[in-house]
Protein chains: 2
Amino acid sequence: MTTPTADWLRLDQQICFSLNAASRAFGGVYRVILKDLGLTYPQYLVLLVLWEHGDLPVKDLGGHLRLDSGTLSPLLKRLEAAGLVHRERSTLDERSVRVRLTEDGTALRERALEVPRRIAAATGFDVDEIRDLRTRLDDLTTALDKAARHPDRTPPPQQGSAGA
Amino acid sequence: MTTPTADWLRLDQQICFSLNAASRAFGGVYRVILKDLGLTYPQYLVLLVLWEHGDLPVKDLGGHLRLDSGTLSPLLKRLEAAGLVHRERSTLDERSVRVRLTEDGTALRERALEVPRRIAAATGFDVDEIRDLRTRLDDLTTALDKAARHPDRTPPPQQGSAGA
DNA sequence: CACAATTAAATTGCACACAACCAAAGAGCG
DNA sequence: CGCTCTTTGGTTGTGTGCAATTTAATTGTG
């Protein structure tokens, strides 16, 4: 109504594109900072989960990170080649592969403690702003995930959605 | 001060990870919606720019999207194979390659007008919320880009930043 | 004009993401 | 036990994203 349809393609771009750009900008900063540790950003995320939760099967790791085996398998192979984690099949359930930190992987945590401060400094945002932003993003993710599971049960914006 | 150093690795994870997760969640929704148009999300972004600005050299396209030729070259090759754009070297400056929409590429815009409405519906956010979020994300991107260019000239977060 | 420096694209190599498919192992049931 | 179904990881193929290198064209300087 208020916006001509022709402008929608610009408005639309701004939402998703801003998110995409911010995500890649973060990636750029992490890339610089994590280079000292020999890690990529996704590898760092995997280690964060392991440092916090200890040994985990690949399945649970993917649950925490929202990643599937197609992404995690080669990534974990590289972390194992770097000597930071070790993979071993569970004896109870041989389908499951448990990911365990090596001594080097555990030790790397000490050096990683520097990372958050440097990232926070790079953003220039204070803690409250960050927390607020995070909350909104998580709400957005939840809504989008739900929408992705159902194909498109969204009623047109006109008309009251009395259908429920 | 307020947070034990050991918890920083969790706080840190939440900011960047929320952003990353939201970005990928958006990607998932776009993937479903754009499948009808035979486009990926980055390809759609390229077309958005071309629909808005008309013909552009690869360089300017990358400027709008914050992407370099390493990403754009193969992407544009695929768009050209799909018959949506055409590439031709400029006669004035033969280093430059101009990207031009074909008739099919121009016509696709009509069908793309549906996309923003479906995306907006998927988020469940209203226009003001979206705009506010976008503003913050753009601020974040600006800060991060600046920080990425300078290695690490950020003073410790204590001390009032009276410097301005 | 010769020649170094710069610029625009393309190419190569590496690392995600994700869909689709595959194989092995477990679970449930006759 | 045999059979099917499900679960868990792995593999393959496609498409980005980005660093580093290469090639061709242009610009700047003497």
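The chains referred to below are lettered A, B, ... by the order of the sequence lines, with proteins before strands, and numbering in each begins at 1.
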field: Heavy-atom donor-acceptor pair, B:Ser69 side-chain to C:dA10 base, under 3.5 Å
entry: yes
- prompt: Starting at CD of B:Glu80 and ending at C1' of C:dA9, how long is that distance when rounded to a whole Å?
  reply: 14 Å
query: Starting at the 5' end of DNA chain C, which residue's closest nucleotide do you reach first, B:Asp93 or B:Asn20?
result: B:Asp93
query: Nearest 0.5 Å, what's the OG1-CZ distance between A:Thr106 and A:Arg100?
result: 9.0 Å
query: Can you say whether the rings of A:Tyr44 and A:Trp51 are parallel (under 30°), tilted (30 to 60°) or perpendicular (over 60°)?
result: perpendicular
message: Return whichever of A:Ser73 or A:Arg31 has its heavy-atom-nearest nucleotide of DNA chain D closer to the 5' end.
response: A:Ser73
- request: Report which part of the nucleic acid A:Arg98 touches: base, sugar-phosphate, or nothing (heavy-atom distance under 4.0 Å, all strands).
  value: nothing
- prompt: When we call it a touch if two heavy atoms are under 4.0 Å apart, what does B:Leu39 touch: a base, just sugar-phosphate, or nothing?
  reply: nothing
query: Is there a donor-acceptor contact under 3.5 Å linking the side chains of B:Ser23 and A:Asn20?
result: no
task: Would you state whether a donor and an acceptor, one from the side chain of B:Arg95 and one from the base of D:dT26, lie under 3.5 Å apart?
output: no
- prompt: Rounding to a whole Å, what distance do you find between B:Arg89:CZ and D:dT23:P?
  reply: 14 Å
- request: Answer with base, sugar-phosphate or nothing: what part of the nucleic acid does B:Leu72 contact at a heavy-atom distance below 4.0 Å?
  value: nothing
